[in-house]
Amino acid sequence: MRINDSAHLTYCTNIHPGSNWERTFSSLKAYVPLIKKEVANEQAFGLGLRLSNKASEELGLGPRLSEFKTWLQENDIYVFTMNGFPYGNFHDERVKDNVHAPDWTTKERLTYTRRLFTQLAELLPDAMDGGISTSPISYKHWHISQDAKHQAFTKGAAHLCEVVLQLHDIELRTGKYLHLDLEPEPDGLIENCDEFLFFFDTYLLPIAQEALVKELSISTEEIVALVKRHITMCYDICHFSLAYEEPESTFQKLSECGIGIGKIQVSAALKILYAEDEMEAIWESLARFDEPTYLHQVTEMIDGKVHTYNDLPIVLKERKVFTELRAHFHVPIFLEQFGKLYSTQDHILKVTEYLKGKTISNHLEIETYTWDVLPKELKKDLSDSIVREIEWLKKIVMFNA
């Protein structure tokens, strides 16, 4: 839904099962019209669509895409952003680090993303930009040596150049502006703003200048502008709180480099504060969030540097003394405290305050995908929970407008 003349607010449908198109569409039909009625009854409702590779392939068969467009129109729903990070199934089985697979070193990731953009270009309304969030190239622990990281960045940048060509062609043919939004996260090859800019300056722009000049016969300055137009950042608030990076710092660095934020994913991480006389209860509270499906990296600031534990069980086993830990578990954004634990909701408030009077991104997408694996006492009716998150954020955003 629109929250001003240009910005759109939605939630990401990776919260719903979507191993194939039939299951994806069934979930959309079951939940989205009910949610729209509660939060946007009098206006069109924008959707943050998540399609697995299989669902995307099946959507392209026969009349399915046309039928989906008809259903969207009949229900006054539109698609303006997609989540292209998880390639395979995202529910009911172990995901962990496989959320990055296949990564941007592979043709499979490129083919999947290009197909998503073809479908988004078809679904996106006129006079509206569209974006797809994606993996931060790969998973850091798959590329241990410097040479391995160099090879991954080099191959990933080459594949991103092919996406730039596709998006440039789509804009020339249809007038629709599309962007790919790289999403830094803990233990990704790109974890924070500095690493994002390092990848841009050291790999993406030099490789693009060499590759695209042959394809487009334009100047290097025009190539740089083209890459920065179509490759942007997905700013996931949870992820950047885990990086202990203040929103204002990130936004200013990107602005100075002329790189945009294609999408802001509104999400909150767990925050664990050390309290000597309550540690047994704190560890017990944290253990309730240890589940086998998703990767729950834990970060700690030590001597001014972020240290990352690559999954929650490591921290639970060590039970070391700390000042503050933050855990990559997307918790409901409308709650500030979870028993003895807290959330990084304060980072959401900092972002919405910064948005006051500023246009950082046209896309705001709530991304709390963990409802199925939350501790029992936090599980509520799914539709009611999504509505509550949207209404909470609407009030915050409108208050800061």
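In Lys37, the NZ atom is not crowded: 12 or fewer heavy atoms of neighbouring residues, nucleotides or ligands sit closer than 6.0 Å. Other residues, nucleotides and ligands contribute at most 12 non-hydrogen atoms within 6.0 Å of the NZ atom of Lys317. The 12-atom threshold is not exceeded at CD of Glu276, counting heavy atoms of other residues, nucleotides or ligands nearer than 6.0 Å. Counting heavy-atom neighbours within 6.0 Å of Glu22 CD, excluding the residue itself, gives a total of 12 or less. Remark: Glu336 CD is loosely packed, at most 12 non-hydrogen atoms of other residues, nucleotides or ligands lying under 6.0 Å away. No more than 12 heavy atoms of other residues, nucleotides or ligands shown are found within 6.0 angstrom of NZ on Lys340. No more than 12 heavy atoms of other residues, nucleotides or ligands shown are found within 6.0 angstrom of NZ on Lys54. At most 12 non-hydrogen atoms from other residues, nucleotides or ligands lie less than 6.0 angstrom from NZ of Lys155.
Ser361 contributes a side-chain N or O that, together with a main-chain N or O of Gly262, makes up a donor-acceptor pair within less than 3.5 Å. Under a 3.5 Å cut-off, the side chain of Asp311 and the backbone N or O of His296 do form a donor-acceptor pair. Glu246 places no side-chain N or O within donor-acceptor distance of the main-chain N or O of Glu248, the cut-off being under 3.5 Å. Under a 3.5 Å cut-off, the side chain of Asp236 and the backbone N or O of His239 do form a donor-acceptor pair. Proximity of a side-chain donor or acceptor of His16 to a complementary backbone N or O of Ser27 within less than 3.5 Å is not detected. Under the 3.5 Å distance criterion, the side-chain polar atoms of Glu191 are matched with a main-chain donor or acceptor of Asp187. Judged purely by atom type and a 3.5 angstrom limit, Ser343 uses its side chain to pair as donor or acceptor with the backbone of Leu335. Checked by atom type and distance alone, the side chain of Thr70 pairs as donor or acceptor with a backbone atom of Ser66 at under 3.5 Å. A donor-acceptor contact shorter than 3.5 Å links the side chain of Arg50 to the backbone of Pro86. Put simply, the side chain of Lys394 gets close to the backbone of Val39: a donor and an acceptor are under 3.5 Å apart.
Side chains of Asp103 and Thr105: a donor on one and an acceptor on the other come within 3.5 Å. Checked by atom type, the side-chain pair Tyr78/Gln73 shows no donor-acceptor distance below 3.5 Å. No side-chain donor-acceptor contact under 3.5 Å links His307 and Thr299. His328 and His330 share a donor-acceptor pair across their side chains, judged by distance under 3.5 Å alone. Side chains of His230 and Tyr177: no donor on one and acceptor on the other come within 3.5 Å. For the residue pair Glu162 / Gln166, no side-chain donor-acceptor distance below 3.5 Å is found, with atom types taken as modelled. The closest side-chain donor-acceptor pair between Ser219 and Glu222 falls under 3.5 angstrom. A donor-acceptor contact closer than 3.5 angstrom links the side chains of Asp129 and His179. For the 3.5 Å distance criterion, the side chains of Thr250 and Glu245 qualify, holding a donor opposite an acceptor. A donor and an acceptor atom, one from each side chain of Thr134 and Glu183, are nowhere located under 3.5 Å apart.
For the pair Lys358 and Tyr354, the cation sits on the ring face: its NZ or CZ lies under 6.0 Å from the ring centre, inside 45° of the axis. In this structure, Arg109 fails the cation-pi test against Tyr87, since its NZ or CZ atom is not both closer than 6.0 Å to the six-membered ring centre and inside 45 degrees of the ring normal. Lys29 forms no cation-pi arrangement with Tyr31, by the criterion of a distance under 6.0 Å to the ring centre and an angle within 45° of the ring axis.
Tested against Thr81, the residues Glu365, Lys263, His8, Gln265 include a single side-chain hydrogen bond (donor to acceptor under 3.5 Å, both in side chains) partner, Lys263. A salt bridge (Lys or Arg N to Asp or Glu O under 4.0 Å) with Glu122 is found for one member of Arg64, Arg115, Lys176, Lys69 and no other, namely Lys69. When each of Ile231, Val224, Thr232 is tested with Lys228 by the rule side-chain contact (heavy atoms from CB on, under 4.5 Å), just one qualifies, namely Val224.
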Working for side chain to side chain donor-acceptor pair (under 3.5 Å), residues Ser56 and Gln119: CA-CA 8 Å; Ser56 174; Gln119 292 167 338; 2.9 Å; yes
Intermediate values then yes/no, salt bridge (Lys or Arg N to Asp or Glu O under 4.0 Å), Glu300 and Lys320: CA-CA 11 Å; Glu300 179 182 15; Lys320 60 172 286 186; 3.3 Å; yes
From CA spacing to verdict: side chain to side chain contact (heavy atoms under 4.5 Å, CB included), Ser52, Asn89: CA-CA 6 Å; Ser52 69; Asn89 191 21; over 6 Å; no
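In this structure, CZ in Arg94 is found 13.0 Å from OH in Tyr294, a value given to the nearest 0.5 Å.
Ion pairing between a basic and an acidic side chain is recognised when a charged N comes within 4.0 Å of a carboxylate O; Arg388 and Asp384 show no such pairing. Ion pair Lys36/Glu42 not flagged as a salt bridge, since none of the NZ, NE, NH1 or NH2 atoms sits closer than 4.0 Å to an Asp/Glu carboxylate oxygen. Salt bridge Glu324/Arg326: present, at least one basic N to carboxylate O contact under 4.0 Å.
Using a 4.5 Å heavy-atom cutoff, the side chains of Glu215 and His168 are not in contact. Side chains of Arg229 and Glu171 form a contact here, defined as non-hydrogen atoms less than 4.5 Å apart.
Proximity of the aromatic rings of Phe196 and Phe200 is defined here by a centroid distance below 6.0 angstrom, and this criterion is met.
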